[in-house]
Amino acid sequence: MDERINLYDLDYEELEAFLAGLGEPAFRARQLWTWLYRHYAADFESMSNLPKALRQKLAEVAPLDVLQPVSQMKSADGQTTKLLFQLGDGQLIETVRMDYEQRHTLCISTQAGCAMGCVFCATGQMGFFRHLSDGEIVAQVMHFARELSEDDLRVTNIVLMGMGEPLHNYDNTMAAIDRLTDHEGFNLGARRITLSSVGLVPAIRRFADEQRQVGLAVSLHAATDEERDRLIPINRRWKIGELMETLRYYIEKTGRQVTIEWALIAGENDTAEQAHRLGELLQGMLVHVNLIPLNPTAGYGGAPSSRARVAAFQQTLAGYGVSSTVRVRRGIDIQAGCGQLRDRTIQDRAQQLGLLGEEE
Ligand code: SAH
Ligand code: SF4
């Protein structure tokens, strides 16, 4: 049995208790917290104000290399980097770094795989392996914070749009957000974090009630239940009407605009009918629509909409006073578009490690 712990799993009080258990005074927790979340220390050797014996002990019981980088891919323009990490139990997750002028955005994972099974999504196609711990979510950020700091740069934004459904792993996701926004620690503004959800209704209500300053994006992708049932299985549980009601509740509670995500699939959800239905649904709401031509994936036959269809769709929405932006996912050439986090590397690696069944 592995007795080692992941220090990134501990909140401040838990870190104090952990150090007390090692016979250390309370002030050590502040020192260690600062090393972890202000200096993004990669190991204990660098922690010069901690006694040597403690550093050795920590290296034994709580090593910081909880994520092992397995492979890295960079987009042709060099602005997007995708990293495949192996977790302690062999699970594989991906994290994406996007550099754009003054912004350094990370797209992080909250689960290994995903249980929601959206038909067009590479992560959905691989199925669910397990939730990530809060520390495994945080460690992805620390890895890139460390890398950026070597060039005197900082993580400016985080999107929870990597592998997994963040609201299905609610407690660990929120614990990770708390850790990342701690003023005495990493201190990222909550408004710089966006959580993307497929639309788990009770969890969105809870999220609204907690009044976090974190932004919300919702993957709608269809404006009729018939269409959404086909693309997004969870719609059979919570219908569009109920989801929209919940989003209105969220907006009323938080006063914040919700981003609606829509992957445009040729002949499927890019029709004039879907555009009109969507306009009717969103009319008058505090929302903005992100239109993203589908990234083709191995397990789904759909194709991205033509430019003309995208433009027509956008125009129809505008007729209802609904604002939208057409986005092309960054890093398409390395399949680092969010929702495409499963490439040959991860498949080959997973096969090698026996994590996936036979490919059908
Ligand atoms: N589970 C969350 C967050 C991860 S997916 C969610 O579903 O919102 C991040 C975004 O990528 C979602 O909007 C998802 O619908 C979208 N996405 C997934 N696969 C895609 C694909 N093949 N092409 C375009 N967008 C995709
Ligand atoms: Fe899961 Fe989001 Fe992919 Fe759906 S789109 S399968 S919720 S990761």
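For ligands, and for the atoms within them, numbers begin at 1 and follow the listed sequence.
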**Request:** Select one of side chain, backbone, both or neither to describe which atoms of S197 lie under 4.0 Å from any atom of ligand 1, heavy atoms only.
**Result:** backbone
Nearest to [atom] by heavy atom, [options]: which?
atom                    : options                : value
atom 2 (Fe) of ligand 2 : P233, G164, G127       : G164
atom 1 (Fe) of ligand 2 : C114, G124, S109       : C114
atom 5 (S) of ligand 2  : A115, C121, S197, G113 : C121

**Asked** Which residues pass the salt bridge (charged side-chain N to carboxylate O under 4.0 Å, His left out) test with R248, sequence neighbours left out?
**Response** none
**Item:** Residue-ligand contact G164/ligand 1, heavy atom below 4.0 Å
**Value:**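 It does, in that a heavy atom of G164 comes within the 4.0 Å cut-off of ligand 1.
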**Asked** Are G162 and ligand 1 in contact, using a heavy-atom cut-off of under 4.0 Å?
**Response** yes
**Asked** Is there a nitrogen or oxygen of T297 sitting under 3.5 Å from a nitrogen or oxygen of ligand 1?
**Response**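 It does not: no N or O of T297 is found under 3.5 Å from an N or O of ligand 1.
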**Prompt:** Do any N/O atoms on F120 end up under 3.5 angstrom from N/O atoms on ligand 1?
**Reply:**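 N/O-N/O distance below 3.5 Å exists for this pair.
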**Request:** Report the distance from atom CE of M285 to atom CG of L247, rounding to the nearest 0.5 Å.
**Result:**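 One finds 5.5 Å between CE of M285 and CG of L247.
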**Message:** Are the side chains of R256 and R191 in contact, using a 4.5 Å heavy-atom criterion?
**Reply:** yes
**Request:** Would you mind running through ligand 2 and noting each atom that sits below 4.0 Å from a heavy atom of M116?
**Result:** 1 (Fe), 7 (S)
**Message:** Suppose we screen for side-chain hydrogen bond (donor to acceptor under 3.5 Å, both in side chains). Which residues come up paired with S133, at least two apart in sequence or across chains?
**Reply:**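 So S133 forms a side-chain hydrogen bond (donor to acceptor under 3.5 Å, both in side chains) with D9.
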